[in-house]
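Residue numbers begin at 1 in each chain, while the letters A, B, ... track the order of the sequences.
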There are 2 protein chains.
Amino acid sequence: MGNLADRIEEYLKQILEKTTEGYIVLQRSELAGEFECVPSQINYVLDTRFTVERGYLVESRRGGGGYLRIIRLGLGIEGQYQQVMRQLIGEHLSRDRSNALVNRLLDEELVTIREAALIKSILSGNNLAGEFRDWDTLRASLMKDILTTLSRDDLV
Amino acid sequence: MGNLADRIEEYLKQILEKTTEGYIVLQRSELAGEFECVPSQINYVLDTRFTVERGYLVESRRGGGGYLRIIRLGLGIEGQYQQVMRQLIGEHLSRDRSNALVNRLLDEELVTIREAALIKSILSGNNLAGEFRDWDTLRASLMKDILTTLSRDDLV
DNA sequence: AGATTATTGACCTTTCCTGACCTTCTATTA
DNA sequence: TAATAGAAGGTCAGGAAAGGTCAATAATCT
């Protein structure tokens, strides 16, 4: 509980809590400097503690002026996103089921009409009939990405 | 967001916003002077930030009385953006280009932030790396579907 | 002891910035 | 009028400044 990774995790979560933006931006090397560790230790913490499953999204940019951005994922209304997401893990999602799912999100006002139409048009996948062999698996995977995006705290 | 290239980009976009002509004219060396950098840095900014995908055109002239002209490309009115966009998409669409195009839609307020994030998460997902042979073609096809959906009259 | 988790360091990729050198255009001048 | 000097902008390669990856080792847990 007192190891380095845990302390860095704690520190980051603390400032993430405080922010109203829903995200924080930082420099990897700088943070590593504060904790007097090697920079890749920061990646270890991000990879193991700030995953989608745990409610975070990490974006980054290299080169001069590079940065790390950690985004908080909210629960949506009563944790709907996560609930649906758990059901999707490792699953195949048929076109019918995905449509039903999107309709439910629409009912619960978690997405707008336009968003729903967008998602459907993509997941219906008329484009790739034949081209892609396991479209149902792809659909499940895309659905997870969609739900993750919808729950981003920095988009409200 | 604090590096030189970003600041120059910001500055140029700001004066482009203000102008009513839809373009600005400037001297490379003069601008370089203002930002206290080498002139070729200006080219770097123009090459990486003011591309066609991002909605800009750059013209220039050398020699005495030379200049740079940055033109903001509007997407036109009344559904004309559809045509322009489709042209830009073509048959293959890389991840970087698709992100640029979505940002453009956002700039033009044709999509919301959430919609933009949604589209990006789907089109730039690492999901299918490897699985699908021609992801760039699929991306182009999906992007066109998305445009069609966005212009549906029944979704206003 | 064996398995899992943490830590480090060497090496890689991306993005940015600079400077040396190149090309084009205008103006002047022999 | 032809040559040329000067005033733009263009190109490209190299170095610097980020962050990313991976495998080897150390520490901790069961």
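- Taking atom CZ of residue A:R62 and atom C1' of nucleotide C:dC17, one finds them 19 Å apart after rounding to whole Å.
- Put simply, B:R61 has no side-chain N or O that comes within less than 4.0 Å of OP1 or OP2 on D:dA7.
- Rounded to whole Å, the distance from CZ on B:R28 to P on D:dA8 is 11 Å.
- Within the 4.0 angstrom heavy-atom criterion, base atoms lie near B:G64.
- Computed from coordinates, the A:L31 CG to D:dG19 P distance equals 10 Å when rounded to whole Å.
- Taking atom OH on A:Y67 and atom C1' on C:dT15, their separation rounds to 12 Å, with Å as the unit.
- Rounding to whole angstrom units, CG of residue A:L68 and P of D:dA17 are separated by 18 Å.
- When the options B:N99, B:L106, B:L142, B:V102 are evaluated for a side-chain contact (heavy atoms from CB on, under 4.5 Å) with B:I119, the one that passes is B:V102.
- For the pair B:R72 and B:Y56, the cation-pi test (distance below 6.0 Å, angle within 45°) is passed.
- Of the side-chain N and O atoms in B:S60, one or more sit less than 4.0 angstrom from OP1 or OP2 of D:dG10.
- Nucleotides of DNA chain C nearest to A:L4 and B:V45 differ in position, and the one nearer the 5' end is that of A:L4.
- Among the atoms of the strands shown, none is found under 4.0 Å from any heavy atom of B:R69.
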query: Where do B:Y81 and B:L105 land on the side chain to side chain contact (heavy atoms under 4.5 Å, CB included) test, with the steps shown first?
result: CA-CA 9 Å; B:Y81 85 93; B:L105 292 176; 4.1 Å; yes
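- Taking side-chain N and O atoms only, B:Y44 has no distance below 4.0 Å to OP1 or OP2 of C:dC17.
- Nucleotide C:dT5 holds its P atom 14 Å from the CG atom of A:D47, rounded to whole Å.
- The residues A:R104 and A:D107 are annotated as not salt-bridged, no charged nitrogen and carboxylate oxygen being separated by less than 4.0 angstrom.
- The base of D:dG10 lies outside donor-acceptor range of the side chain of B:S40, with no N or O pair under 3.5 Å.
- Both A:L31 and A:L4 belong to a common hydrophobic cluster when Ile, Leu, Val, Met, Phe, Trp and Tyr are linked at side-chain heavy-atom distances under 4.5 angstrom.
- Taking atom CD of residue A:Q27 and atom C1' of nucleotide C:dC16, one finds them 14 Å apart after rounding to whole Å.
- In this structure, B:S29 reaches the sugar-phosphate backbone alone: every heavy-atom distance under 4.0 Å involves primed, P, OP1 or OP2 atoms, never a base.
- Looking at heavy-atom distances under 4.0 Å, B:R7 makes no contact with the nucleic acid at all.
- Taking atom CG of B:N3 as the reference point, atom P of C:dT18 lies 11 Å away to the nearest angstrom.
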